[in-house]
Amino acid sequence: MNTLDTTDHDDWLAGVLDRLQRTFETQSAHLADLTATIPDPSDISAHASLLAASRQSLADTVAALRRIENGYYGTCVVCSTPIARDRLELLPHARTCVSCPR
């Protein structure tokens, strides 16, 4: 399996790791706030949608952190090719290259 060559990019990867960890903390706090909130009955559907989106975003972030920890960050989970650095800059939680479907 191909992995992102981090030998010359340790500072870049450390920055990505820091960014993902801060995102995790922010998303965790947001999710805690949402789960502690009792929505108005007329807002239940919107609240449920916000909860689902927050949970998915947090799961994506956790998965990216695990890929860094396991040495597979920056590798497409579908075709095993390296994910373009520009894509990872835009979407640090990206699991696939541009060519592969999500």
Side-chain angles (χ1 to χ4, degrees):
M1 183 174 274
N2 295 324
T3 59
L4 181 69
D5 178 13
T6 60
T7 54
D8 294 327
H9 307 292
D10 288 341
D11 289 340
W12 176 81
L13 188 58
V16 171
L17 179 60
D18 181 60
R19 184 175 164 196
L20 285 167
Q21 288 171 330
R22 284 184 284 125
T23 299
F24 173 81
E25 292 167 7
T26 301
Q27 290 172 337
S28 295
H30 181 66
L31 186 58
D33 289 344
L34 282 173
T35 55
T37 303
I38 300 172
D40 184 85
S42 64
D43 295 332
I44 288 176
S45 179
H47 189 261
S49 294
L50 283 173
L51 275 171
S54 292
R55 286 181 179 130
Q56 183 61 55
S57 183
L58 187 59
D60 290 344
T61 300
V62 168
L65 288 166
R66 284 190 182 136
R67 287 192 302 277
I68 289 174
E69 182 179 306
N70 295 326
Y72 295 108
Y73 183 77
T75 302
C76 179
V77 298
V78 176
C79 70
S80 299
T81 61
I83 299 172
R85 187 170 168 168
D86 289 344
R87 178 168 172 76
L88 293 170
E89 289 285 338
L90 184 61
L91 296 169
H93 61 275
R95 299 176 34 187
T96 60
C97 65
V98 176
S99 301
C100 290
R102 184 163 197 259

> Could you walk me through whether W12 and L17 pass the side chain to side chain contact (heavy atoms under 4.5 Å, CB included) check?
Replying inline: CA-CA 9 Å; W12 176 81; L17 179 60; over 6 Å; no
>> I'd like to check V77 versus T96 (side-chain heavy atoms, cut-off strictly below 4.5 Å). Are they in contact?
In response: yes
> At their closest point, which heavy atom of I83 faces which heavy atom of A94, and how far apart are they?
Replying inline: CD1-O, 3.7 Å
> Got a second to check how far L13's CG is from L88's CG, nearest 0.5 Å?
Replying inline: 9.5 Å
> Is any side-chain heavy atom of T75 closer than 4.5 Å to a side-chain heavy atom of P82?
Replying inline: no
>> Using every non-hydrogen atom in the two residues, find where P92 and A64 come nearest and quote the distance to one decimal.
In response: O-CB, 3.9 Å
> Can you tell me how far the OG1 atom of T37 sits from the CG atom of D43, to the nearest 0.5 Å?
Replying inline: 11.0 Å
>> Please determine whether side chain to side chain contact (heavy atoms under 4.5 Å, CB included) holds for the pair Y73 and L65, giving the CA-CA distance in whole Å, both sets of side-chain angles, and the decisive distance to 0.1 Å.
In response: CA-CA 8 Å; Y73 183 77; L65 288 166; over 6 Å; no
>> Please report the interatomic distance CD(E25) to NE2(H30), rounded to the nearest 0.5 Å.
In response: 15.5 Å
> At their closest point, which heavy atom of R87 faces which heavy atom of C97, and how far apart are they?
Replying inline: NE-C, 3.9 Å
> Is the shortest heavy-atom distance from the side chain of D86 to the side chain of L90 under 4.5 Å?
Replying inline: no
>> Among residues at least two apart in sequence or on other chains, which ones pass side-chain hydrogen bond (donor to acceptor under 3.5 Å, both in side chains) with N70?
In response: none
>> For the CZ atom of R22 and the CD atom of Q27, what is their distance to the nearest 0.5 Å?
In response: 12.5 Å
> Atom CG in L58, atom CD in Q56: separation rounded to 0.5 Å?
Replying inline: 9.5 Å
>> To check you understand the geometry: which heavy-atom pair defines the closest contact between I44 and P39, and what is its length?
In response: CG1-CG, 4.2 Å
Do any side-chain atoms of residues 46-55 form donor-acceptor pairs under 3.5 angstrom with protein atoms, and if so which ones, sequence neighbours left out?
from	atom 1	to	atom 2	distance (Å)
H47	NE2	L34	O	3.0
S49	OG	S45	O	3.2
S54	OG	L50	O	3.0

> Measuring from F24:CZ to S57:OG, what's the distance to the nearest 0.5 Å?
Replying inline: 11.5 Å
